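Step one of this worksheet: look at the structure below.
What you see is a predicted model, and the numbers here were worked out from it, not measured in a lab.
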Amino acid sequence: MSLAVVSNRSEMRPDESYKEFTQLLVRGLERLGIEAATGSVSGSYCDGRFNICVSGRKLAGTASRIVRREGKAIHLCHGSLTVYGSPRKDSSLVSHFESGLGIDQCIDPTSHVSLIEILP
């Protein structure tokens, strides 16, 4: 999922764009009967303040980029939501990849969840 926020000012406030983007996702999940929030999840990979969380587990991660063109600032917000599959296997693969890069991070595979696991 993506959202582009355009500002006529050269200054952009990424936190505001992130909040707008994540609230759209949280409201969409509410329509599916899922109570979600934003925040950091200890033990998750690629952790950040604007994760989409359900019951303390990471369902989606976010990333962004600010582009400046012709006097405008554009904040491109992106979200990656795990729909199905195995978050535990994904965590293992990320951990293995990061170990190969020399990154020593303790990833807790139970800190992630997929949408299929939580649908009512």
Candidate pair S7 and H75, rule side-chain contact (heavy atoms from CB on, under 4.5 Å), full reasoning: CA-CA 8 Å; S7 173; H75 188 198; over 6 Å; no
Pair D15-R49, side-chain contact (heavy atoms from CB on, under 4.5 Å): steps then yes or no: CA-CA 10 Å; D15 281 7; R49 295 182 296 143; 3.0 Å; yes
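Counting only residues at least two apart or on different chains, the salt bridge (charged side-chain N to carboxylate O under 4.0 Å, His left out) pairs with a member in residues 77-92 are R88-E117. Among residues at least two apart or in separate chains, there is no salt bridge (charged side-chain N to carboxylate O under 4.0 Å, His left out) pair with a member in residues 92-110. Judged as a side-chain hydrogen bond (donor to acceptor under 3.5 Å, both in side chains), the pairs with a partner in residues 21-47 (not counting sequence neighbours) are, in order, S40-D47, S44-D47, D47-N51.
For the side chain to side chain contact (heavy atoms under 4.5 Å, CB included) test, no residue two or more places apart in sequence or in another chain qualifies with A37.
Put simply, the side chain of S99 gets close to the backbone of S95: a donor and an acceptor are under 3.5 Å apart.
In the hydrophobic clustering, where aliphatic and aromatic side chains (Ile, Leu, Val, Met, Phe, Trp, Tyr) are joined below 4.5 Å either directly or transitively, L101 groups with F97, I103. The hydrophobic cluster around L32 extends to M1, L3, V5, F21, L24, L25, V26, L29, I34, I52, V54, L59, L81, V83, Y84, V113, L115, I116, I118, L119, counting ILVMFWY residues whose side-chain heavy atoms fall within less than 4.5 Å of a member.
To the nearest 0.5 angstrom, K19 atom NZ is 12.5 Å from C77 atom SG. The NE2 atom of H112 sits 10.0 Å away from atom SG of C53, with the distance rounded to the nearest 0.5 Å.
Between H78 and S2, the shortest heavy-atom distance links the atoms ND1-OG, 2.7 Å. Residues S114 and P87 approach most closely at N-CG, 3.6 Å, considering heavy atoms.
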